[in-house]
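Here is the structure we will look at, set down as structure tokens.
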Amino acid sequence: MSRYGVIPLRALADNYVWTIRDARCAAVVDPGDARPVRDYLRSEKLELVAILNTHHHADHVGGNAGLLGEWKVPVYGPHDERIGEVTQPLREGERFALPHFGIEFEVFEIPGHTRSHIAFYGGGMLFSGDTLFAVGCGRLFEGTPRQMHDSLTRLMRLPDDTRVYCGHEYTLSNIRFAKAAEPENAALRELETRAKGLRDQDLPTLPSTIGQEKMTNPFVRVREPAVIAAANRYARKTLDDPVSVLAAIREWKNSF
Ligand SMILES: [Zn+2]
């Protein structure tokens, strides 16, 4: 089994193209733009071996075609006609290997942000796209609060030390909202100090971990009394189930 690392390549405004690489080969997750990926692969003399897509949004798949023009590689992604380049459409529970790196991924269908969003789990890593962010979750463009709640709940059953590689650098703005929802959360304040230090050095705040999300993410903490109380204040009524709490704080955050 080869050693590999996971490198964040910046793309567009605040996307990360997570790049799994060893000394010779690379696989990329959600290349929203081909250029930074191509520049990196060329300068490091790496051969692209696979593209992985979590969902159809242009800032996650916009670089597929440009990369395929140079490297003929399989594209793993959801069953969704809106991603024309996918060659290996995947469903819940399916597995595939990236043999160059000795990684086997399992596919989770996690609707909410979009209806066909998937995540890739393997090698102690979760590539969560725009469903689970550090201290946040994606907007509900095509899914329901229940779908998002079920998707997040499912991801929280992964081991606490699972590294979470999400699609955007949103951590500091997510923390600002999370502090409004849960002002007394000490883990959130510690994370804020750490994240600010990283951003001051222009470093990514990612990956997160499942354990960190359980401590800090209001969208997975919808059973916490403080989060429920904040949701009730926003909704001006008593919300008595986790899905309604998630719906309320998601709506609140949209206008925060
Ligand atoms: Zn998206």
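Order of appearance sets the numbers: ligands from 1, and atoms from 1 within every ligand. Every value quoted in this text rests on a predicted model; they were computed, and no experiment measured them.
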Have a look at [X] and say which of its N, O or S atoms is nearest the Zn ion (ligand 1).
X      : result
Asp130 : OD2
His55  : NE2
His57  : ND1

For Glu109 and Glu92, indicate whether the former's side chain and the latter's backbone hold a donor-acceptor pair under 3.5 Å.
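Here the side-chain-to-backbone pair exists.
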Parallel, tilted or perpendicular: which fits the ring planes of Phe105 and Phe127, with parallel below 30° and perpendicular above 60°?
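Plane angle over 60°, so perpendicular.
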So, for His57 and His117, is the gap between ring centers shorter than 6.0 Å?
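That pair fails the under 6.0 Å test.
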May I ask you to check whether Tyr121 and Phe108 place their ring centers less than 6.0 Å from one another?
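Judged by ring-centre distance (under 6.0 Å), Tyr121 and Phe108 do meet the cut-off.
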Is His117 close enough to the Zn ion (ligand 1) that one of its N, O or S atoms comes in under 2.8 Å?
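Given the 2.8 Å cut-off, His117 does not count as a ligand of the Zn ion (ligand 1).
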